[in-house]
Amino acid sequence: MIVNLSKKLEIRFWDFAIPMMSNNQKLRKLVNEVYHLFQDRELRQRTFFIFSGSFAGFVCGCVIFMLVK
């Protein structure tokens, strides 16, 4: 049942996304620029480390909050 729901959601998403990207010049340009940004390996590594550090800090903050409270 969950697989069927997942497939239906995916089909609905692509039914919406494909016409939007086909008809909207600004959205196509944005997708193209983001795609090219993530082709840069150094940028991907930096982004990964920034998000990893941010997530670790968030988790540590939550743990400290739970321990103090």
Side-chain angles (χ1 to χ4, degrees):
M1 181 166 158
I2 293 176
V3 174
N4 289 336
L5 179 63
S6 173
K7 287 180 182 179
K8 287 180 182 179
L9 286 173
E10 183 179 4
I11 290 172
R12 295 280 174 129
F13 170 78
W14 287 115
D15 284 345
F16 174 76
I18 290 172
M20 286 297 291
M21 288 190 287
S22 298
N23 298 328
N24 192 335
Q25 184 70 24
K26 290 180 183 179
L27 184 60
R28 269 192 287 176
K29 186 176 180 181
L30 176 68
V31 169
N32 190 24
E33 289 177 8
V34 170
Y35 175 77
H36 286 300
L37 278 176
F38 280 97
Q39 293 302 311
D40 183 14
R41 183 174 184 196
E42 185 177 333
L43 179 63
R44 280 188 301 187
Q45 287 178 339
R46 286 183 182 179
T47 304
F48 173 76
F49 287 125
I50 288 171
F51 281 119
S52 298
S54 300
F55 182 72
F58 177 74
V59 169
C60 288
C62 289
V63 169
I64 292 170
F65 176 76
M66 294 294 183
L67 291 175
V68 171
K69 190 173 182 182

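Basis for what follows: all heavy atoms, side chains included, without hydrogens, waters or symmetry-related copies. As the structure is a prediction and not an experimental result, all values here were calculated from the model.
Each of F65 and F58 belongs to its own hydrophobic cluster when Ile, Leu, Val, Met, Phe, Trp and Tyr are linked at side-chain heavy-atom distances under 4.5 angstrom. Under a hydrophobic clustering in which Ile, Leu, Val, Met, Phe, Trp and Tyr are joined whenever their side-chain heavy atoms come within less than 4.5 Å, directly or via other members, V59 and L67 fall into the same cluster. When the side chains of ILVMFWY residues are joined at heavy-atom separations under 4.5 Å, either directly or via intervening members, F51 and L43 end up in two distinct hydrophobic clusters.
Side chain of N24 to main chain of M20: no donor-acceptor pair is present (N/O by atom type, distance under 3.5 Å, no hydrogens or angles).
Atom CD of Q45 is separated from atom CD of E42 by 7.5 Å, given to the nearest 0.5 angstrom. Considering CG of L30 and CD of Q25, their distance stands at 12.0 Å, rounded to 0.5 Å. Distance check, rounded to the nearest 0.5 Å: CD1 of I11 to OG of S6 gives 9.5 Å. The CZ atom of F55 sits 10.0 Å away from the SG atom of C60 when rounded to the nearest 0.5 Å.
For the side-chain contact (heavy atoms from CB on, under 4.5 Å) test, residues two or more places apart in sequence or in another chain that qualify with V68 are I64.
With a 6.0 Å radius and a threshold of 12 heavy atoms from other residues, nucleotides or ligands, R46 has its CZ atom at or below the threshold.
Among all heavy-atom pairs drawn from M21 and L27, the shortest one is CG-CD2, 4.0 Å.
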